[in-house]
Number of protein chains: 2
Amino acid sequence: MRREITGFSNPTVKYLRSLREKKHRKREGKFLAEGLRLLTDARESGRLPEMLVMALGRDAHPLLNTLEADVLEAGGEVVETTPDILGKITGKDNPQAVAGVFAEFDTGITSLQRDRAPIWLVAQALRDPGNLGTMLRTGDAIGAGGLILIDDCADPFSVEAVRASMGAIFTQSVAQANWPEFLEWLRGGSGQLVAASLRDALPYRQAPYAAPCFVMVGNESRGLPQEYEDACDLRVTMPMRGRADSLNAAVAGAVLGYEVLAALEG
Amino acid sequence: MRREITGFSNPTVKYLRSLREKKHRKREGKFLAEGLRLLTDARESGRLPEMLVMALGRDAHPLLNTLEADVLEAGGEVVETTPDILGKITGKDNPQAVAGVFAEFDTGITSLQRDRAPIWLVAQALRDPGNLGTMLRTGDAIGAGGLILIDDCADPFSVEAVRASMGAIFTQSVAQANWPEFLEWLRGGSGQLVAASLRDALPYRQAPYAAPCFVMVGNESRGLPQEYEDACDLRVTMPMRGRADSLNAAVAGAVLGYEVLAALEG
């Protein structure tokens with residue numbers, strides 16, 4: 001179905017804008033992704049938006065034509081609107097010419113298939129959606145199965161996280177669980193839980209990593225609770241040659257993730 | 001000197017607020033850093049603010065007392081103001097209880113001492129201040145000498161970059177140059193320029209890194225221009241197991257930087 005919207009007060013505009021807020025995303029079970037590149041990544045990963053929103057008067061683009069045709073063929077909706085309204089939806093002065101509404105995925109931890117990949121990333125109380133999206137992007141790069149979010153993390157379906165993931169939100173599994181749920185699931189099968197730690201740890205370049213390896217990073221300000229570190233199968237230490245005693249959380253996950261990848265592929 | 005300010009229209013408040021904007025920072029040659037942790041890192045690195053701004057009615061803290069005494073002893077100024085005004089200065093609803101004004105450092109490339117460290121990070125047209133600050137933080141961790149900013153990068157003295165650096169802005173050298181200036185400086189001494197590349201590259205785990213090693217990453221959207229890649233002494237490739245062909249810029253610099261550190265320390 002195809003529609004044109006030219007009024008700011010249209011209920012669809014209100015609906016789309018509301019998806020910038022977590023409570024509305026959760027109520028609707030939908031999220032927004034913006035930009036032709038991101039939507040093309042989604043399409044090529046087998047995910048089509050339920051609703052495609054495009055600016056009237058946009059430049060033609062073959063990838064956009066393909067996207068539009070695929071959405072219509074799949075029974076989705078194509079909405080054309082003014083650049084002003086699109087800017088109001090995306091919250092940007094200079095909006096990209098296209099946005100899409102997707103159904104949020106199942107993020108139940110019990111639906112993860114741990115044997116699908118040798119590495120999984122785990123984040124505990126990660127508060128910054130940019131860090132979260134960056135971890136998804138890194139996970140895609142190292143061939144991880146997905147990102148497991150422990151305790152109260154940023155919303156992986158926020159516009160900022162989706163953007164920072166550079167499309168990896170469509171290829172990586174995402175699971176959410178509290179710490180006891182995660183531990184119970186983890187210990188119900190094989191899996192090595194690894195974290196960077198300053199206590200009782202092996203050098204990260206010489207540690208006996210084993211698949212499936214779960215690489216865990218902690219909150220941006222507080223790091224991991226000691227109890228969580230204690231539950232790890234392996235604690236590793238990374239060089240800290242300067243004044244600081246920690247890395248940015250997404251950076252720590254990436255350096256450790258790449259090390260695990262190299263070790264497993266030996 | 002010690003002063004109390006309780007009026008929003010006070011010229012000092014206007015001055016402090018103006019430092020959130022790049023053009024005012026450049027005119028004044030000053031920048032803002034916020035939070036007791038950051039200011040304590042600065043003090044311990046031998047950098048004291050010219051002006052220390054604290055909230056009236058704040059909780060007492062021994063580190064804050066030390067900071068205050070040191071600033072006064074060094075001839076600096078201590079300003080006490082209301083939490084409302086401090087919030088207006090820092091642009092936050094819930095401001096940290098302290099902020100400091102620092103003189104911007106010399107960022108001329110010719111003042112860098114390349115032999116001071118085995119690794120240097122280099123960023124080209126890096127636009128995100130959070131990425132820039134994260135690279136400073138990573139540089140501190142790997143024992144880099146500093147961060148060299150090529151072409152039109154985000155301002156290293158922006159509040160966001162300073163915050164993301166977690167104090168590394170006070171320990172890492174920062175230099176700014178355009179590409180010809182940088183190349184001329186680089187080739188005027190020893191130094192290996194390395195970048196991640198998809199073309200004509202060696203696996204990053206098996207490359208002959210040599211100190212002083214300059215690890216370069218490109219712009220967030222476009223990567224490095226081909227001409228810049230061609231000028232590198234070493235191009236390396238990192239595994240990309242998924243759909244994407246690149247990492248977040250700060251992540252790429254960190255993974256490569258840690259690899260260089262491990263290789264140089266053998």
Gly146(B) to Trp120(B) - nearest heavy-atom pair and separation: N-CE3, 3.3 Å

Over all atoms of both residues, closest heavy-atom pair of Arg222(B) and Ala125(B): NH2-CB, 4.3 Å

Could you have a look at [options] and say which one has the most heavy-atom pairs with chain B under 4.5 angstrom?
| options | value |
| --- | --- |
| Ala262(A), Ser246(A), Ser45(A) | Ser246(A) |
| Val255(A), Asp128(A), Asp245(A), Leu256(A) | Val255(A) |
| Met240(A), Glu220(A), Arg137(A), Glu44(A) | Arg137(A) |
| Met238(A), Gln172(A), Met166(A), Glu265(A) | Glu265(A) |

Ionic contact status for Arg235(A) with Glu229(A), cut-off 4.0 Å: no

Which bit of [X] comes within less than 4.5 Å of chain A, counting heavy atoms only: side chain, backbone, both or neither?
| X | value |
| --- | --- |
| Ile142(B) | backbone |
| Arg205(B) | side chain |
| Leu261(B) | side chain |

For chain A, the option from Val251(B), Asp41(B), Thr138(B), Thr134(B) that forms the most heavy-atom pairs under 4.5 Å: Asp41(B)

Largest heavy-atom contact set with chain A, pairs under 4.5 Å, which of Pro239(B), Ala244(B), Gly257(B), Gly130(B): Pro239(B)

Pair Tyr204(A) and Tyr258(A), ring centroids less than 6.0 Å apart: no

Ring centre gap for Phe102(B) and Phe170(B) strictly below 6.0 Å: yes

Test item: Val162(A) and Leu38(A) side chains (from C-beta on) under 4.5 Å apart, heavy atoms: yes

Side-chain donor or acceptor of Gln113(A) paired with backbone N/O of Gly145(A) under 3.5 Å: no

